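Written out below as structure tokens is the structure these notes cover.
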Amino acid sequence: MTDNNEIRTRFAPSPTGYLHIGGARTTLYNWLYARHCGGKFVLRIEDTDEVRSTADSVQAILDSISWMGMDWDEGPLDFEHEKGPMGSYYQMKRLPLYQQYVRQLLAEGKAYYCYCSKEELEAIRHSAQAEQRASYDGHCYKLTDAQKRQYEAEGRKPAVRFRMPDEGATVVPDLIRGDVSFENRLQQDLVIQKTTGGPTYNFACVVDDHAMRISHVIRGDEHLSNTPAQIQMYRALGWEPPKFAHLSMILGPDGTKLSKRHGATSVLEYRDQGFLAEALRNYLGLLGWANTESQQLFAPEELIRAFDLPGCQKNPATFDPVKLTWMNGEYMRKLAVPDVISRAEPFLMAAGLLPVRPGPTLEKVVALEQEKFKLLKDVPERVDFFYREAPPTPQADKVLRAPGVKDVLLGLAELLQVCAPFEDKALEAGIRQFCAQRGLKAGAVFHPLRAAVSGRTEGPTLFLMLEIMGRGTVVSRLQGAAAKLS
RNA sequence: GGCGCGUUCGUCUAGCGGCCUAGGACGCUGCCCUCUCAAGGCAGAGAUCAGGGGUUCAAAUCCCCUACGCGCCA
């Protein structure tokens, strides 16, 4: 048996596309809150839009949530399997339930059939606007039996509307915004069952949130306006409404709602760009929520412990990929070397660095470069030159073409052929001595050396890099670079 | 158009009437460290708290109006 006071949250996506950043944050906050309270997190698929819902979308959403490291206690496991005691968590498999309650409301006179056509509705809306009323006037509520028979005879298929009170106000007690009051006479009688017989979003959502014993509905701002109607539905059905918390939305850099034209918006895209799930989670956790210390970095358990609804922001937040990237770098640096390698595996494979190539071990080169990784895809990029010689970058090329460099490289090649042991300290000593002998400044030797050997002007600490690269590679690259300078 | 929500450095935010000449983080600039690049350390620029009225001895904080942005009705 479930405990009556149990905290239960839910995320209820429509499977009409991938999980985007906004949805991911809503999921995260529901998940965090459930975990924070020791409650349950439920996933429900709102697939009543039959034409736009797809199995692929369901899978993409499940994959996204799982990738982000969030788990759900009840809901679909894939398109066929589900877990949890509430029957199905796909709305399309729960149709009889909605119909049952529609019948109940109809029988109690709390809902009514509406026969209006699109055109008629349009006309009603027009006059309603002029008269400052709700955009549906309850036209069909006032129908006589004769009129109803008439419509039926015409073969009209009715929708079902929920009857809103004419007077008073409905207060939405919102955990983030406080009490928000709506005048009932301005609320229209919402359709709860479409002419096709399927439930509308607002109704299915009420029925399911109640049936699934959801205690806290944490969702996007865009649903706030529908909430008074939903609250009335709860009351009409004799149910206690859940607690509500409406999250502000996420904006793109130009201040409009985050969308595809701002670049990547899908969680999976961020994964594929080499972001770490824990960094995305941390960043999203902070986008619209903060604790009083303005703490930035949260270990997973720490976020769960700290998260609470009152800390949620009322105003919309702009998504900042730059800060996300910084945060990702923070997490990249904290990872153990073997973890960096295993997490970067897809990127290493794509770059042809896995299976391992001849040369130093990945552990060695990754350890050497780790402090510079911001994204997983940086791993192959920064490490590649240990395994493959690439043409020098323009900056490196410039360094190599400076006067006298050829002699320096040849001299170094000679030196490094014999310098022993071929390790960090000894190499540094040998090369510094080489500088002194030739009366060269350290920089005049170090920079060309780095450029010749790695093809770059920046990289890991020089002597350790040489050691790891190995005598053979170092010497041959020096000779090769010198040869190209003739 | 109606209703609703929102408005603190470029961005994310702290702030719940005196501790605010507004704090932190990202980004930016400079310095230090240094074989480069990062990382790190230090310093700095950056917000008349959307604007205007109140209330109060005292307001970013409470109230009202306006503007702008966003959402829902669509």
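Since we're looking at a predicted model, the values are computed, not measured. Each chain gets a letter, A, B and so on, in the order its sequence line appears, and its residues count up from 1.
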Worksheet item: Looking at the side chain of A:Thr461, which of B:G15, B:U36, B:C12 is the nearest nucleotide?
Response: B:U36

Worksheet item: Side chain of A:Ser294, base of B:G23: donor and acceptor closer than 3.5 Å?
Response: yes

Worksheet, complete the sentence: Applying the 3.5 Å cut-off to both distances, the Watson-Crick or G-U partner of B:A67 turns out to be B:U7

Discussion item. As a test of reading the structure: which of B:G6, B:C12, B:C72 is closest to the side chain of A:Lys314, going by heavy atoms?
Written reply: B:G6

Practice prompt. Tell me whether the OP1 or OP2 atom of B:U8 has a side-chain N or O from A:Asn315 closer than 4.0 Å.
Written response: yes

Practice prompt. Could you tell me whether A:Gly443 contacts a base, only the sugar-phosphate backbone, or nothing, with contacts defined as non-hydrogen atoms closer than 4.0 Å?
Written response: nothing

Response to the item:
Re B:G27: Watson-Crick or G-U wobble partner, both distances kept under 3.5 Å, found to be none

Item to complete: Output the single nucleotide from B:C26, B:G24, B:G40 whose closest atom is nearest the side chain of A:Trp326.
Response: B:C26

Worksheet, complete the sentence: pair_partner(B:G1), Watson-Crick or wobble, both distances < 3.5 Å, evaluates to B:C73

Worksheet entry | Gap between atoms NE2 and P, on A:His447 and B:U34 respectively (whole Å) | 15 Å

Worksheet item: Which nucleotide in the set B:C3, B:A25, B:C35 lies at the smallest distance from any side-chain heavy atom of A:Gln296?
Response: B:A25

Item to complete: Can you label the angle between the A:His20 ring and the A:Tyr18 ring as parallel, tilted or perpendicular, going by 30° and 60°?
Response: perpendicular

Worksheet item: If we take the C1' atom in both B:A22 and B:G30, what is their distance in whole Å?
Response: 25 Å

Worksheet item: Within this structure, what is the CZ-to-P distance between A:Arg219 and B:C72, rounded to whole angstrom?
Response: 13 Å

Worksheet entry | Separation of atom CG in A:Leu297 from atom C1' in B:U13, rounded to whole Å | 15 Å

Worksheet item: Looking at B:A38, B:G2, B:G6, which one has an atom nearest to any side-chain atom of A:Leu186?
Response: B:G2

Discussion item. Tell me if the side-chain of A:Arg450 makes a donor-acceptor pair with the base of B:C35, cut-off 3.5 Å, by modelled atom types.
Written reply: yes

Worksheet item: So is A:Arg456 actually on top of A:Phe385's ring, under 6.0 Å and inside 45° of the axis?
Response: no

Worksheet item: To the side chain of A:Val322, which of B:G27, B:C35, B:U13 is closest?
Response: B:G27

Worksheet item: Between B:C5 atom C1' and A:Lys257 atom NZ, what is the distance in whole Å?
Response: 14 Å

Worksheet entry | Per A:Arg333 side chain, nearest of listed nucleotides B:G40, B:G4, B:G15 | B:G40

Item to complete: Measure the acute angle between the ring planes of A:Trp239 and A:His210, then classify it against the limits of 30° and 60° as parallel, tilted or perpendicular.
Response: parallel

Practice prompt. With the side chain of A:Lys323 defined as its heavy atoms from C-beta on, choose the nearest nucleotide among B:G4, B:A25, B:U13.
Written response: B:A25

Worksheet item: Could you give the CG-to-P distance, from A:Leu284 to B:U11, as a whole number of Å?
Response: 19 Å

Item to complete: For B:C19, give its Watson-Crick or G-U wobble partner with both distances under 3.5 Å, or none.
Response: none

Worksheet item: Does a nitrogen or oxygen in the side chain of A:Gln295 sit under 4.0 Å from OP1 or OP2 of B:U13?
Response: no

Worksheet item: Among B:C72, B:C35, B:G6, which is the nearest nucleotide to the side chain of A:Arg177?
Response: B:G6

Worksheet entry | Residue whose nearest RNA chain B nucleotide is more 5′ - A:Asn226 or A:Trp289 | A:Trp289

Discussion item. Check this for me, if you would: do A:Arg156 and A:Glu120 make a salt bridge, where the nitrogen-to-carboxylate-oxygen distance has to be below 4.0 angstrom?
Written reply: yes

Item to complete: Could you check whether A:Gln313 gets within reach of a base, just the sugar-phosphate, or nothing at all, counting any heavy atom under 4.0 Å?
Response: sugar-phosphate

Response to the item:
In whole angstroms, the gap separating C1' of B:G4 from CG of A:Asp179 amounts to 14 Å

Item to complete: Would you kindly compare A:Asp320 and A:Leu462 by the position of their nearest RNA chain B nucleotide and give the one closer to the 5′ end?
Response: A:Asp320

Worksheet entry | Phosphate contact (B:A39 OP1 or OP2) by A:Lys374 side-chain N/O below 4.0 Å | yes

Discussion item. One thing to verify: whether A:Glu428 and A:Arg432 come together as a salt bridge, which I'm taking to mean a side-chain N less than 4.0 angstrom from a carboxylate O.
Written reply: yes

Worksheet entry | Distance, rounded to the nearest Å, where A:Leu190 contributes CG and B:C73 contributes P | 9 Å

Practice prompt. May I ask which nucleotide in the shown strands pairs with B:A39, Watson-Crick or G-U wobble, both distances under 3.5 Å?
Written response: none

Fill in: Side chains of A:Tyr201 and A:Asn226, donor plus acceptor under 3.5 Å
no

Worksheet item: Are the charged groups of A:Asp166 and A:Arg163 less than 4.0 angstrom apart, N to O?
Response: yes

Practice prompt. Rounded to whole angstrom, note down the P distance from B:C68 over to B:A74.
Written response: 25 Å

Worksheet item: Checking all strands, does A:Pro228 fall into the base, sugar-phosphate, or nothing category for heavy-atom contacts under 4.0 angstrom?
Response: nothing

Worksheet item: Using the C1' atom in both, what is the distance from B:C28 to B:U48, to the nearest Å?
Response: 23 Å

Fill in: Whole-Å gap separating P (B:U13) and CD (A:Glu293)
16 Å

Discussion item. With a cut-off of less than 4.0 Å, is there a side-chain N or O of A:Arg432 near OP1 or OP2 of B:C35?
Written reply: yes

Worksheet entry | Between A:Gln232 and A:Thr170, a side-chain donor and acceptor under 3.5 Å | yes

Practice prompt. Mind checking A:Thr325 for me? I need base, sugar-phosphate or nothing, with any heavy atom below 4.0 Å counting as a touch.
Written response: nothing

Discussion item. Nearest to the side chain of A:Gln188, heavy atoms from C-beta on, is which of B:C3, B:U36, B:C73?
Written reply: B:C73

Worksheet item: What does A:Met249 touch in the nucleic acid at a heavy-atom separation under 4.0 angstrom: a base, only the sugar-phosphate, or nothing?
Response: sugar-phosphate

Worksheet item: Does NZ or CZ of A:Arg25 fall inside the cone over A:Tyr29's six-membered ring, less than 6.0 Å from its centre and within 45° of the axis?
Response: yes

Worksheet, complete the sentence: Scanning all shown strands, the Watson-Crick or wobble mate of B:U55 with both distances under 3.5 Å is none

Fill in: B:C12 OP1/OP2 closer than 4.0 Å to side-chain N/O of A:Thr318
yes

Worksheet entry | Nearest-Å distance once atom P is located in both B:C62 and B:C26 | 29 Å

